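Encoded as structure tokens, the structure appears first; notes follow it.
Any value given below was found using the heavy atoms of this structure, including those in side chains, with hydrogens, waters and symmetry copies removed. Counting convention: from 1, in listed order, for ligands and their atoms alike. The model shown is predicted, which means the values in this text are computed figures rather than measured ones. Position 1 is the first residue of the sequence, and the numbers go up from there.
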Amino acid sequence: MDPLKKKFKEKAFALYTSNKALVKEHGATVVDQVNLKQVFGGMRGVKSMVWETSQLDAQEGIRFRGYSIPELKKLLPTAPGCKEPLPEGLFHLMLIGELPTEEEVNWLSGEWQRRSNVPKHVFDALETLPKDAHPMTQFSMAILALGTESVFNRRYAEGLGKSEYWDATYEDTMNLIARLPRVASYIYRRTFKNGDHIEPDISLDWGGNFAHMLGIEGADFKALMRLYLTLHADHEGGNASAHSTHLTGSTLSDAYKSLSSGMNALAGPLHGLANQEVIKWVFTMLDVLGTRTPSKAQIAEYVQKTIDGGKVIPGYGHAVLRQPDPRFTAQRAFAEEYIKNSDIINVVWKAFDVVPPILQGLGKVKNPWPNVDAHSGALLVHYGMHDFSFYTVLFGVSRSLGVLAQLCWSRALGFPLERPKSVTSKWVQDYLAKEKEAAVKG
Ligand code: HAX
């Protein structure tokens with residue numbers, strides 16, 4: 001058994017045992033109540049699932065196993081000569097709840113390299129799609145095609161016992177994460193670079209090798225990819241990509257089908273596709289205004305025009321957060337440190353000053369601040385990646401780290417099939433009528 005799996009097994013067994021006792025003793029304790037607004041309003045804030053790898057605070061933002069992003073930037077191991085954290089380190093932290101040593105992170109980089117071979121039929125399957133199929137469609141399909149290798153499915157068919165589900169899921173998780181950079185860069189190069197593919201560099205770490213295979217060389221882009229893949233990895237369990245992965249996984253569907261579900265949710269413009277929409281919105285604005293260096297007043301006017309057209313301002317707002325997203329702040333700090341004077345980044349920074357007061361003025365937007373997607377496109381454009389429709393794939397490669405680490409936990413903790421109760425509008429009307437009648441009767 002590999003050292004990471006061995007540690008996971010110890011931790012998971014301990015938590016499984018203590019959770020069983022906890023639910024036995026306190027199973028009837030009420031931890032939340034649901035009102036009608038939440039029933040009709042996308043279940044905002046309803047505490048109804050367990051997610052071990054990270055937790056979101058509305059004011060403070062995300063904490064991964066208790067660590068904030070600024071803390072992780074200091075504490076996670078880095079690649080030689082690079083200041084940004086290695087995403088391998090965050091995966092280790094999310095999976096077993098401990099900060100990794102440099103040795104442990106190097107082991108993980110090597111392990112993912114060892115497992116990274118993508119079967120030929122996955123590339124063949126991608127080649128059946130037209131080149132202009134959206135990269136997220138290609139990505140989701142490629143993940144399903146990788147699933148022919150599922151260890152869980154093979155062992156389940158052979159009669160795998162419940163107590164071993166986590167073991168096979170760990171194997172699928174490690175294989176799948178290891179293979180995603182190769183698959184994603186293949187999609188990028190076939191769609192945007194005439195199928196001129198780049199072989200992996202096995203001397204590099206997971207994120208560095210991904211940057212290399214995308215074909216954007218230079219230490220700074222590798223640093224950006226390591227940071228990007230760390231920042232987008234997890235955002236607790238209720239967001240649409242995490243929840244879709246979790247829900248599908250709860251049927252004992254394998255890690256590949258579960259992640260593919262999550263990626264389909266990420267591909268919506270209210271979620272991960274917002275990173276593509278932000279940069280499209282910015283460039284359309286620059287075209288309409290006829291300048292690459294608009295004033296704040298010009299941006300404000302365009303923001304108002306977008307809202308008047310019945311559209312949202314992409315990259316702003318959040319279902320849970322009520323402050324600027326620390327993932328936005330971390331990307332801004334990266335730009336301040338690595339990039340001197342970029343027109344496109346200046347536009348994003350001006351928008352940061354202009355958009356929130358306008359959204360606040362609408363009186364209905366609960367969070368007028370930028371989210372994770374407001375900044376990432378400008379950084380990618382700066383380093384020469386102008387292919388906006390690929391951006392959500394980058395997000396997806398990163399998101400695999402959190403949702404698959406959690407899938408291992410869900411299996412280890414024996415989480416059951418998810419099955420909340422739904423009601424009809426008629427049921428709600430009848431329920432309210434009965435309540436009224438009961439109140440009248442006293
Ligand atoms: N621009 C204009 N109006 C906005 C807005 C924005 N950025 N954000 C919210 N609103 C509007 C909503 O559309 C809603 O209007 P109606 O009542 O007329 O329907 C009202 O304000 C209340 O919405 P809310 O409660 O503040 O926000 P929700 O929890 O319903 O939705 C969203 C959260 C992220 C979907 C929303 O803020 C939005 O559409 N933002 C723009 C898209 C975006 O950036 N998505 C990415 C979010 C982060 C993420 O998941 N990344 O992957």
Side-chain angles (χ1 to χ4, degrees), residues 35 37-46 51 54 56 58-59 61-62 69 136 139 228-245 262-282 284-285 299-300 302-331 348 351-352 354-380 388-403:
N35 63 35
K37 198 168 163 198
Q38 289 170 308
V39 172
F40 277 99
M43 299 184 280
R44 292 290 184 283
V46 179
W51 196 262
S54 68
L56 183 58
Q59 305 302 325
I62 192 69
I69 288 169
M136 281 304 279
F139 190 51
Y228 187 110
L229 295 169
T230 301
L231 291 179
H232 291 74
D234 206 31
H235 218 222
E236 75 171 29
N239 72 76
S241 53
H243 194 196
S244 301
T245 308
M263 293 302 103
N264 297 337
L266 193 71
L270 296 186
H271 191 18
L273 202 81
N275 62 7
Q276 151 188 323
E277 295 303 296
V278 168
I279 204 73
K280 268 168 64 180
W281 178 82
V282 168
T284 308
M285 171 175 73
I299 296 175
Y302 191 78
V303 167
Q304 194 57 57
K305 219 168 114 183
T306 305
I307 292 167
D308 293 345
K311 290 178 232 152
V312 295
I313 307 300
Y316 283 78
H318 200 273
V320 180
L321 275 170
R322 296 295 175 255
Q323 290 290 331
D325 192 331
R327 300 170 299 174
F328 172 89
T329 312
Q331 292 176 77
V348 169
F352 175 69
V354 163
V355 175
I358 298 176
L359 291 182
Q360 265 157 348
L362 296 178
K364 63 174 181 177
V365 181
K366 294 193 193 69
N367 172 29
W369 300 107
N371 58 52
V372 64
D373 300 312
H375 208 306
S376 54
L379 286 166
L380 295 167
F388 310 154
S389 63
F390 188 71
Y391 291 0
T392 313
V393 176
L394 295 175
F395 192 154
V397 172
S398 172
R399 185 49 57 101
S400 71
L401 299 176
V403 300

Can you check whether [Y]'s main-chain N or O pairs, donor with acceptor, with [X]'s side chain at less than 3.5 Å?
| X | Y | result |
| --- | --- | --- |
| Ser244 | Ser241 | no |
| Arg399 | His232 | yes |
| Gln323 | Gly61 | no |
| Ser398 | Leu229 | yes |

Taking 4.0 angstrom as the limit and counting only heavy atoms of [X], give me the atoms of ligand 1 inside it, by number and element.
| X | result |
| --- | --- |
| Ile313 | 1 (N), 2 (C), 6 (C), 7 (N), 41 (C) |
| Phe395 | 52 (O) |
| Gly315 | 43 (C), 44 (O) |
| Ala274 | 43 (C), 44 (O), 45 (N), 46 (C) |
| Gly272 | 52 (O) |

TODO: Look at the aromatic rings of His271 and Phe395 and report parallel, tilted or perpendicular, splitting at 30° and 60°.
DONE: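 Geometry flag for Phe395 against His271: perpendicular rings.
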TODO: Over 60° means perpendicular and under 30° means parallel, so classify the ring planes of Trp281 and Tyr302, tilted if in between.
DONE: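 The arrangement is tilted - the two ring planes meet at 30° to 60°.
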How far is [atom] from its nearest protein heavy atom, and which residue and atom name does that atom have?
| atom | result |
| --- | --- |
| atom 13 (O) of ligand 1 | Val312 CG1, 4.0 Å |
| atom 23 (O) of ligand 1 | Lys364 O, 4.4 Å |
| atom 39 (O) of ligand 1 | Leu270 CD2, 3.4 Å |
| atom 41 (C) of ligand 1 | Tyr316 O, 3.3 Å |
| atom 25 (O) of ligand 1 | Lys366 NZ, 2.7 Å |

Taking a cutoff of less than 4.0 Å between a non-hydrogen atom of the residue and any ligand atom, is [X] in contact with ligand 1?
| X | value |
| --- | --- |
| Leu359 | yes |
| Arg44 | yes |
| Asn239 | no |

Open item on the list: Just to be sure I'm reading this right: ignoring hydrogens, which of His271, Glu277, His318 gets closest to atom 50 (O) of ligand 1? Compare them by their nearest heavy atoms.
Closed with: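 Residue with the shortest heavy-atom distance to the ligand atom: His271.
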TODO: Counting heavy atoms only, name the option from Asp373, Val303, Val365 that's nearest to atom 11 (C) of ligand 1.
DONE: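 The nearest heavy atom belongs to Val365.
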Quick one: does [atom] have a protein heavy atom under 4.0 Å from it?
| atom | value |
| --- | --- |
| atom 43 (C) of ligand 1 | yes |
| atom 16 (P) of ligand 1 | yes |
| atom 9 (C) of ligand 1 | yes |

Residue pair [X] / [Y], side-chain heavy-atom distance below 4.5 Å:
| X | Y | value |
| --- | --- | --- |
| Asn239 | Trp51 | no |
| His235 | Leu321 | yes |
| Ile69 | Ile62 | yes |
| Leu394 | Leu380 | yes |
| Gln331 | Ser376 | yes |

Task: Asn275 contact mode with ligand 1 (heavy-atom cut-off under 4.0 Å) - done: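 No part of Asn275 is near ligand 1 at this cut-off.
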Open item on the list: Test: salt bridge (Lys or Arg N to Asp or Glu O under 4.0 Å). Region: residues 358-375. Which pairs qualify, not counting sequence neighbours?
Closed with: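 Applying salt bridge (Lys or Arg N to Asp or Glu O under 4.0 Å) to every pair that reaches into residues 358-375, excluding sequence neighbours, yields nothing.
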Open item on the list: When you compare ligand 1 with Lys311, is there at least one nitrogen or oxygen pair between them that comes in under 3.5 angstrom?
Closed with: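 Among all N and O atoms of Lys311, none is under 3.5 Å from an N or O of ligand 1.
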